[in-house]
Each structure stands twice: as C-alpha cells, then as structure tokens.
Amino acid sequence: ISACLVGSEMCIRDSLNPTGSDQYFGTVATDNVVTQLPIYHVFVPGTYTFNNAHPIDQDNVGGRGALFYDGELYDNVFFRIKGDTTRTMNKRAHRVDFNSEHQFRWANGRSRMRELALNGEYVDPSYSRQMMSMWLHRVSGTGGPEHFPVRTQINGVFWQLAFHTETQDFELLENMGLDPNGAMYASVGQMAGAGGEKQTRTYEGTTDMANFVTAITSANPTTRRNNVFDQIDIPATINYLTVARITQEGDDVWANMVIHRDSDGTGEWRIIPFDTNLSWGQLYYADFPTGNTTLSANTDRNKSHPLYGNIQCWTLDYAGQRYNRFYDAIISVPETRAMLLRRMRSIMDQYLQPPGTAAPLLESMLDAHVARITPEATLDRTQWGWPPIAGPYGLGNDSLTTAISEIKNLFLTPRRTHFFTTHTSTTSVGISNASSAGIPATPQPAAFPITISGFDAFPPNSTTQNEEYVQLTNPNAFAADISGWSLSGAIRFSFKGGTVIPASGSLFVSPRQASFRARTVSPRGGEGRFVVGPYQGQLSSRGESLELRDAANTLVSSITTPANPT
C-alpha cells in the first residue's frame with residue numbers, strides 16, 4: 001500500500017514558516033500500479049471518503065497535504081477546489097499551491113511550477129476536448145497552458161483521472177513568454193467595457209481596458225482600423241481566433257475570454273487560451289431552447305460559423321446581443337479579416353485536413369489518447385459518475401468509446417465539409433451567419449514571392465535606433481501566411497504563428513514596436529501600419545546583408561543595405 005514516510009526520524013524543515021515551507025523531507029513507498037499515465041500521489045490528513053466532506057473539497061476551505069511525483073515529495077502543500085460551475089458537482093477540480101522554496105518539478109528541462117491545477121474534465125465524456133484545444137493552440141503558435149492526463153491516487157487508493165494544467169496567473173504568462181507584469185483580465189465577457197476580473201496590475205485600476213474597448217469600437221472606420229493595428233497583437237490574436245473557431249470554442253465570445261496587455265512594452269492586447277472544455281461540438285446546454293444535448297458542427301446559428309463572434313453573426317435567439325467586441329474588431333476590418341481567413345485555411349490544411357484524408361491526424365490523436373486513458377477513465381466514471389444534464393452541460397452519460405466516436409463522426413466529419421466546402425463558397429460572401437465566410441478555396445501556394453522592400457537604418461529626427469525598421473511587401477493578390485518564416489543577417493527575427501501579410505500590403509519589422517509607433521515621420525503609429533517585433537540586432541549605416549527565408553528555410557528575398565555612415 002502506498003505510504004507517505006514522514007515523521008520524527010525525517011529531517012524537520014523550517015518550523016518558523018508553517019504555511020510556507022515543507023515540514024518534512026520524505027519519500028513514498030508506492031504500489032505497483034500499471035498505467036500509461038504519470039501518477040501524482042496525494043496524501044491528506046484523516047480519511048478521504050469520496051463524498052466531498054474533506055476540507056480539500058470544501059468551498060473556500062481547503063487543506064494541507066503532501067504530493068509525491070517522480071521520486072520527489074512535496075510536503076505541506078495547500079489543496080483547494082477551483083472552478084465556477086464545476087465546484088458544486090460530484091467530482092471537483094483542484095488547485096495545488098506549492099511552497100515557494102520547493103516548487104513542483106513536473107518535467108525535466110522545464111521550469112518548476114509554483115501552482116498546479118488538477119482539472120477533472122468531469123463534464124466532458126470524452127476527456128479530450130480541452131487537451132486537444134490547448135495542444136492545437138500551442139503547436140500552431142498561439143501558446144497556452146500545458147494540459148495532459150495524469151492518474152491521481154489519494155492516501156494510497158485511486159482518486160481520479162485528472163488533467164495537469166496551469167493556473168490563470170503570472171506563472172502562465174511567463175511560460176508563454178509574455179510579460180508577467182502586463183495587465184491580465186479573466187472572464188471579460190463580451191468586452192462591453194472594463195469588465196471581468198483584473199488579476200495583475202490591480203493598483204492601476206481598469207482604465208487600460210476601458211480605453212482599449214473605446215478604441216476598437218470607434219464609430220469612425222479609419223480610426224477603428226488604425227487602433228486595431230496599433231493596439232492589438234495581430235498575429236497572436238489571429239492565431240487564437242483561428243483555432244477557437246475551428247474547434248468551435250463555445251464559451252469565449254460571451255463569457256470566458258482571458259486577455260493580456262503588454263503594458264510596459266508594446267502596449268498591445270491579445271487573448272490567452274483558457275477554459276476550453278466547451279469545444280469540439282460540445283456547447284453550452286442552456287443556450288438552446290430545447291437544450292444542447294447533441295454535438296453541433298455545422299449549424300451557423302448555433303456557433304458553427306467561422307466568423308462567429310462579430311456583431312452580424314449572431315446565434316439562436318440572442319440576435320445582435322452575444323458578440324465580442326475584440327472579435328468584432330478583427331472581423332470588421334477588411335485587412336485583418338482577410339488575414340484571419342488565410343490563417344484559417346493554413347491551419348485547416350495542416351491540422352483539420354480536408355474531407356477524405358486517409359488516417360487523419362486528429363482521429364489518430366484521439367485513438368492514441370483513448371488507448372492511454374481507458375483504464376483510468378473507467379475507474380473515474382465508476383467512482384464519480386456523470387454530471388447532470390442541466391445548466392452548462394448536457395451530453396449525458398456517454399461512454400468514453402461513444403463520446404470519442406461522436407467527436408469523429410458528429411463533429412470532425414461534418415466540420416471538415418463545413419469549413420472546406422460550405423464556407424469556401426464564393427457566392428454570398430459576408431460576415432453574417434447567412435453568408436459564406438469566404439475562406440480561401442485552395443491552399444496557399446508552396447512558394448510565392450515576398451520582398452524585402454524597404455528599411456530605415458538611421459531614422460531621421462531620431463535619437464534612438466529603436467525607431468529603425470525593415471519593410472516586407474506582399475506583391476501577391478492573396479493574403480500571404482508567413483508563419484514560421486525568419487529574417488537573418490544584420491538582424492534576427494522569427495515570424496510567429498498568425499503572421500499574415502494582406503494582399504498587396506506591407507509588414508514592418510521593428511526592434512521595438514512602441515518606438516516605431518512613436519516615430520515623428522511616416523511610417524509611424526496612427527497610420528494603420530502592421531508592425532511586429534522585437535527583432536534582435538541592429539541595422540548598421542555601414543551596410544549589411546538581410547535574408548528572408550520561408551518555413552522550409554528556402555531563401556525568398558535578400559538585400560544588402562548600402563553604406564551611408566555619418
């Protein structure tokens with residue numbers, strides 16, 4: 001039987017900080033549990049009876065215990081339930097707070113974690129939706145929390161099939177390569193104003209978000225367009241929105257959106273993937289007059305439209321009400337909408353894959369996932385049962401096999417037709433749910449020209465080289481996705497997922513976006529310029545070479561800047 005070996009003969013830790021440090025060193029003698037999953041051994045005082053009577057399962061109570069994983073014991077950590085609608089259900093999600101002096105080593109070569117979330121995925125009969133969504137956000141370039149299944153034992157017996165993920169705080173921002181000192185808001189709803197919960201920079205109030213909402217909802221189309229390009233991290237937002245719409249994320253438009261501003265750097269806003277369990281066909285039960293009890297994949301009035309989220313693409317009986325102002329800004333500006341549709345086609349081709357694809361990637365991933373979790377999923381449903389068909393959740397008590405089959409046959413198959421055929425139509429193209437979204441009907445060419453068309457190595461009227469730039473131009477009649485491309489030579493920069501240059505448009509690459517926008521001469525901020533960065537290095541007035549290479553490292557364009565030393 002698993003046992004936590006701590007006591008008087010172990011090395012007693014810092015008794016002066018009983019709520020901030022391990023009390024004991026120790027180890028665990030584990031059972032010979034056969035599983036394909038990582039095992040997190042949890043130990044709590046007293047008897048755990050699976051009836052939510054223990055302090056760690058009590059609302060706003062919580063309790064201390066120990067966690068053992070991969071040969072390392074973490075003592076005196078704090079467990080408490082998390083979540084909103086799930087906190088009153090039989091099976092509950094938990095947050096685990098580790099001591100600052102002994103953080104959680106969850107993977108070799110990765111930063112230790114100060115906080116860990118153990119999500120139950122109780123409301124998803126497939127135990128796969130949030131994991132698949134987060135995976136697609138990460139591999140396509142948005143970034144997002146790690147999310148994977150683990151077997152958890154409590155006091156030596158099976159506890160639950162849980163999913164290791166990250167909590168919504170500065171640690172997640174750091175792991176995504178974002179500034180943890182930037183402003184982050186959770187549950188911002190439809191972004192009608194400064195709503196939601198501000199989780200960082202609370203000392204400065206919510207004026208930053210109120211100003212942003214005002215900027216991207218300007219009634220003047222030119223002003224709105226300029227504000228979109230000046231105040232939004234365009235690639236990150238394009239990529240997020242692409243993945244959210246392909247997976248049919250059903251909760252972010254009106255409730256569960258998390259946003260972040262690089263407050264001390266670019267000043268740009270973007271969306272952070274979080275809480276994506278209502279996706280891949282599972283929708284909010286109470287949204288439909290008779291209840292969403294079956295999967296939806298191609299009903300545009302039920303969140304299936306590729307441009308769902310803008311003011312003209314409304315759903316069910318919420319006409320003109322449930323739209324998101326962040327989404328609406330991207331979809332309403334013609335250039336950013338074209339960028340979104342091009343990126344949509346790229347990710348469709350690479351990950352969703354066209355109808356008729358042999359051994360499609362997503363189905364193969366689901367099959368591998370099922371093979372890995374089936375023993376724990378069976379134990380989990382035996383232990384905890386299924387959620388009620390009420391409130392947000394309505395798929396009932398499908399078995400794991402049935403639930404996975406429904407994702408394949410009731411979501412992925414019709415979803416492919418919906419995106420690759422219905423919404424690539426060139427007739428009745430528009431942004432309402434009665435129109436085709438106008439996704440490009442064919443993949444982007446394997447090779448196409450993008451030129452290094454300009455640069456400024458010595459900005460006029462400037463005292464800083466942060467105002468220099470390199471300009472790329474897309475001479476093609478289509479918006480060009482250059483995600484994964486790179487610049488090298490005098491400067492170094494990799495274009496992140498979601499970087500699309502509009503047809504016959506330009507992209508400016510800068511060492512510091514805020515400095516580019518502060519230039520006193522054109523090109524500058526307030527002109528609707530698409531600018532990305534920061535790049536490493538500097539353009540020398542003595543002349544240097546620049547190379548643009550595509551994702552396969554093929555040379556696309558190169559120049560040598562002329563020498564013009566002062």
Side-chain angles (χ1 to χ4, degrees), residues 83-86 89 91 93 117-140 142 144-150 160-166 240 242-253 255-258 273-285 287 292-298 302-304 308 347 351-352 360-374 376-377 380-381 384 386-387 389 391-416:
D84 185 11
T85 55
T86 60
M89 294 183 173
K91 183 185 178 187
L118 294 174
N119 277 18
E121 307 303 348
Y122 178 55
V123 301
D124 177 7
S126 77
Y127 294 100
S128 67
R129 287 179 165 86
Q130 189 150 210
M131 180 197 74
M132 294 285 284
S133 291
M134 292 305 182
W135 165 80
L136 189 51
H137 277 298
R138 293 195 308 274
V139 297
S140 65
T142 313
E146 297 284 347
H147 197 93
F148 55 85
V150 296
Q160 58 178 305
L161 169 60
F163 283 73
H164 166 122
T165 192
E166 297 171 77
Y240 172 88
T242 295
V243 173
R245 293 289 67 83
I246 288 176
T247 63
Q248 197 174 280
E249 164 60 35
D251 219 11
D252 59 342
V253 165
N256 273 338
M257 181 184 281
V258 178
F274 210 82
D275 198 354
T276 58
N277 61 323
L278 291 181
S279 55
W280 305 91
Q282 182 170 358
L283 294 173
Y284 196 90
Y285 168 77
D287 265 358
N292 278 311
T293 57
T294 59
L295 271 62
S296 173
N298 54 13
N302 201 12
K303 305 185 180 181
S304 296
Y308 166 58
I347 293 183
Y351 297 106
L352 183 61
L361 171 67
L362 296 176
E363 280 85 344
S364 298
M365 287 188 63
L366 286 168
D367 289 342
H369 178 59
V370 168
R372 196 166 63 246
I373 70 166
T374 291
E376 282 72 26
D380 196 73
R381 290 301 180 192
W384 300 106
W386 282 263
I389 301 178
Y393 313 109
L395 290 189
N397 59 351
D398 284 349
S399 68
L400 176 62
T401 301
T402 299
I404 294 294
S405 176
E406 288 180 343
I407 290 179
K408 293 178 180 179
N409 300 314
L410 300 184
F411 183 74
L412 288 176
T413 297
R415 193 70 171 165
R416 290 184 175 107

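Computed over heavy atoms, backbone and side chain alike; hydrogens, waters and symmetry mates excluded. Numbers here are sequence positions counted from 1. Just so we're clear, the structure is a prediction, and the values are computed from it rather than from any experiment.
When all heavy atoms of Asp252 and Met257 are compared, the pair lying nearest together is O-CB, 3.5 Å. Considering all non-hydrogen atoms of both residues, Gly120 and Ala93 come closest at N-CB, 4.0 Å. Closest heavy-atom contact between Ala297 and Leu410: CB-O, 3.6 Å. Nearest heavy-atom pair across Ser128 and Ile404 is OG-CD1, 4.1 Å.
Neither side chain, Asn119 nor Asn277, offers a donor N or O lying under 3.5 Å from an acceptor on the other. At a cut-off of 3.5 Å, with distance as the only test, no side-chain donor of Asn302 or Ser304 sits close to an acceptor on the other residue.
Residues meeting the ring pair (Phe, Tyr, Trp, His ring centres under 6.0 Å) test with Phe163, sequence neighbours left out: His147. With sequence neighbours left out, His137 forms a ring pair (Phe, Tyr, Trp, His ring centres under 6.0 Å) with Tyr240. For Asp275, the salt bridge (Lys or Arg N to Asp or Glu O under 4.0 Å) criterion is met by no residue, not counting sequence neighbours.
Side-chain N or O atoms of Asn409 include one that pairs as donor or acceptor with a backbone N or O of Ser405 at under 3.5 Å. Judged by distance alone, the side chain of Gln130 and the main-chain N or O of Glu121 form no donor-acceptor pair under 3.5 Å.
Contact of the Tyr127 side chain with the Val370 side chain is not registered, since no non-hydrogen atoms from C-beta on lie closer than 4.5 Å.
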Exercise for the section: Could you walk me through whether Ile407 and Met132 pass the side chain to side chain contact (heavy atoms under 4.5 Å, CB included) test, one step at a time? Expected result: CA-CA 12 Å; Ile407 290 179; Met132 294 285 284; over 6 Å; no
Practice task
Output, in order, the C-alpha distance, side-chain angles, deciding distance and verdict of side chain to side chain contact (heavy atoms under 4.5 Å, CB included) for Leu412 and Glu363.
Solution key: CA-CA 8 Å; Leu412 288 176; Glu363 280 85 344; 3.7 Å; yes
Handout entry: Check against side chain to side chain contact (heavy atoms under 4.5 Å, CB included), Leu278 and Asn256
Key = CA-CA 10 Å; Leu278 291 181; Asn256 273 338; over 6 Å; no
Handout entry: Full working for salt bridge (Lys or Arg N to Asp or Glu O under 4.0 Å) between Glu146 and Arg138
Key = CA-CA 8 Å; Glu146 297 284 347; Arg138 293 195 308 274; 3.8 Å; yes
Practice task
For Asp398 and Arg381, run salt bridge (Lys or Arg N to Asp or Glu O under 4.0 Å): C-alpha distance rounded to whole Å, both residues' side-chain angles, the deciding distance at 0.1 Å, then the answer.
Solution key: CA-CA 10 Å; Asp398 284 349; Arg381 290 301 180 192; over 6 Å; no
Practice task
Mind running side chain to side chain contact (heavy atoms under 4.5 Å, CB included) on Tyr122 and Thr86 for me, showing each step along the way?
Solution key: CA-CA 8 Å; Tyr122 178 55; Thr86 60; over 6 Å; no
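Taking the six-membered ring where the residue is Trp, the centroids of Tyr393 and Trp386 are separated by 6.0 Å or more.
Atom CE of Met134 sits about 6.5 Å away from atom CZ of Phe274, to the nearest 0.5 Å. The distance from atom CG of Leu295 to atom CZ of Arg415, rounded to the nearest 0.5 Å, is 11.0 Å. The OG1 atom of Thr294 sits 11.0 Å away from atom CD of Gln282, with the distance rounded to the nearest 0.5 Å.
Applying the 6.0 Å contact sphere to CG of Asp84 captures no more than 12 heavy atoms from other residues, nucleotides or ligands.
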